[in-house]
**Q** 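Next up is a structure, given as structure tokens.
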Amino acid sequence: QKEVEQDPGPLSVPEGAIVSLNCTYSNSAFQYFMWYRQYSRKGPELLMYTYSSGNKEDGRFTAQVDKSSKYISLFIRDSQPSDSATYLCAMSAGLYSIKLVFGAGTILRVKS
Amino acid sequence: DTGVSQDPRHKITKRGQNVTFRCDPISEHNRLYWYRQTLGQGPEFLTYFQNEAQLEKSRLLSDRFSAERPKGSFSTLEIQRTEQGDSAMYLCASSLGIQDTQYFGPGTRLTVL
């Protein structure tokens, strides 16, 4: 079983919809949680960065972390066709851990 | 553009050949990382440098792989005697501090025929 599980999709939604993307993980040592967006044949681009549990909002994006359930989410409001990409969750353990562990990524398609 | 840059962007080679990739991190970032990403998967950690010192290597990094970061600036990743299983996107990332976020380059896509 992988340390980080993420539904690969694809997830197809109409423009303007609220999108919910999720990851579950098994390593309770993970404390830092990130969401990256990756367009086709490009490198991952950091969207959100969260430490420990709680919510963080940035424009149309909201990241949630529930450490008790080992579950993280990314919500995208008012989705746009330009949001069509692969969304990768990533996480790392303690203060001196340098290795990011990624989910497989969820493909999102926003239809205009 | 002051982001992470990688060269070449694409590389096609025949099985058994050696290839070398280059990564230029964001200026002043003293930490540099290499990841490998295969189709339909997230990036997997390969190795990490703090300045010129290679501090951690993944089990994924076989003896055919070697990475260097002379003078703590750019880094190279060499794969010797390439195999078809080496076909992947090789991503480089850099960060300023150990708790700082990692910024990724565009990647080098390797195809081994």
Side-chain angles (χ1 to χ4, degrees), chain A residues 1-11 21-25 27 30-52 56 58 61 63 72 74 85-108, chain B residues 1 3-10 21 23-26 29-51 53-61 88-111:
Chain A
Q1 185 180 0
K2 294 183 178 181
E3 279 188 286
V4 180
E5 297 283 354
Q6 185 175 9
D7 188 335
L11 178 62
L21 303 166
N22 312 292
C23 288
T24 58
Y25 62 94
N27 188 345
F30 288 144
Q31 296 187 61
Y32 300 88
F33 304 91
M34 288 134 278
W35 286 95
Y36 285 84
R37 177 175 63 195
Q38 186 173 28
Y39 292 112
S40 181
R41 300 186 178 274
K42 303 288 186 183
E45 168 196 12
L46 181 68
L47 281 177
M48 302 286 284
Y49 177 86
T50 309
Y51 170 70
S52 195
K56 185 173 183 179
D58 184 1
F61 299 92
I72 69 171
L74 178 70
T86 297
Y87 289 79
L88 298 154
C89 63
M91 44 200 82
S92 68
L95 184 62
Y96 297 105
S97 174
I98 50 83
K99 181 179 73 172
L100 291 182
V101 180
F102 283 84
T106 299
I107 298 171
L108 172 65
Chain B
D1 187 352
V4 178
S5 61
Q6 293 187 245
D7 184 70
R9 295 292 307 277
H10 301 94
F21 311 140
C23 169
D24 286 89
I26 293 172
H29 280 194
N30 56 17
R31 288 169 171 82
L32 186 146
Y33 315 78
W34 285 98
Y35 290 80
R36 182 174 69 186
Q37 185 177 24
T38 54
L39 196 62
Q41 299 299 317
E44 295 175 290
F45 172 81
L46 291 178
T47 191
Y48 154 69
F49 289 85
Q50 181 174 323
N51 298 312
Q54 187 175 17
L55 298 184
E56 186 166 339
K57 295 169 61 173
S58 162
R59 292 179 290 114
L60 294 175
L61 215 63
M89 173 84 91
Y90 290 84
L91 293 161
C92 176
S94 70
S95 70
L96 183 59
I98 200 165
Q99 282 310 304
D100 290 332
T101 53
Q102 297 181 23
Y103 294 90
F104 283 81
T108 294
R109 181 170 297 280
L110 172 66
T111 301

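Note that these values count all heavy atoms, side chains included, but never hydrogens, waters or copies made by symmetry. Below, read A as the first sequence line, B as the second, and so on, with proteins coming before strands; counting in each chain starts at 1.
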**Q** Has the side chain of A:T86 got a donor or acceptor atom that lies under 3.5 Å from a matching backbone atom of A:G105?
**A** no
**Q** Please state whether the side chain, the backbone, both or neither of A:Y51 comes within less than 4.5 Å of a heavy atom of chain B.
**A**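 Neither the backbone nor the side chain of A:Y51 comes within 4.5 Å of chain B.
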**Q** Where does A:Q38 contact chain B at under 4.5 Å (heavy atoms): side chain, backbone, both or neither?
**A** side chain
**Q** With a 4.5 angstrom heavy-atom cut-off, which part of B:E56 approaches chain A: side chain, backbone, both or neither?
**A** side chain
**Q** Taking the inter-plane angle between the rings of B:Y103 and B:H29 on a 0 to 90° scale, is it parallel (under 30°), tilted (30 to 60°) or perpendicular (over 60°)?
**A** tilted
**Q** Is the B:Y33 to B:F49 ring centre distance short of 6.0 Å?
**A** no
**Q** If we only count heavy atoms from C-beta on, is the B:Y48 to A:K99 side-chain gap below 4.5 Å?
**A**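 Side chain of B:Y48 against side chain of A:K99, heavy atoms only: no contact under 4.5 Å found.
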**Q** Count the heavy-atom pairs under 4.5 Å between each of B:Q41, B:R9, B:H10 and chain A, then report the option with the highest count.
**A** B:Q41
**Q** Which atoms of A:P8 come close to chain B, meaning under 4.5 Å heavy atom to heavy atom: side chain ones, backbone ones, both, or neither?
**A**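 It is neither, since no heavy atom gets under 4.5 Å.
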**Q** Under 4.5 Å, counting heavy-atom pairs only, tell me which of B:A93, B:P43, B:G42 racks up the most with chain A.
**A**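 Among the listed options, the one with the most contacts to chain A is B:P43.
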**Q** Could you tell me which of B:P106, B:C92, B:S58 has the largest number of non-hydrogen atom pairs under 4.5 Å with chain A?
**A**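 Max contact count across the listed options: B:P106.
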**Q** Are B:F45 and A:F102 close enough, and set up right, to give a ring pair (Phe, Tyr, Trp, His ring centres under 6.0 Å), and what steps lead you there?
**A** CA-CA 9 Å; B:F45 172 81; A:F102 283 84; over 10 Å; no
**Q** Which atoms of B:Q37 come close to chain A, meaning under 4.5 Å heavy atom to heavy atom: side chain ones, backbone ones, both, or neither?
**A**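 For B:Q37, the contact with chain A is made by the side chain alone.
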**Q** Check whether A:D7 reaches the backbone of A:G9 with its side chain - one donor and one acceptor, N or O, closer than 3.5 Å.
**A** yes
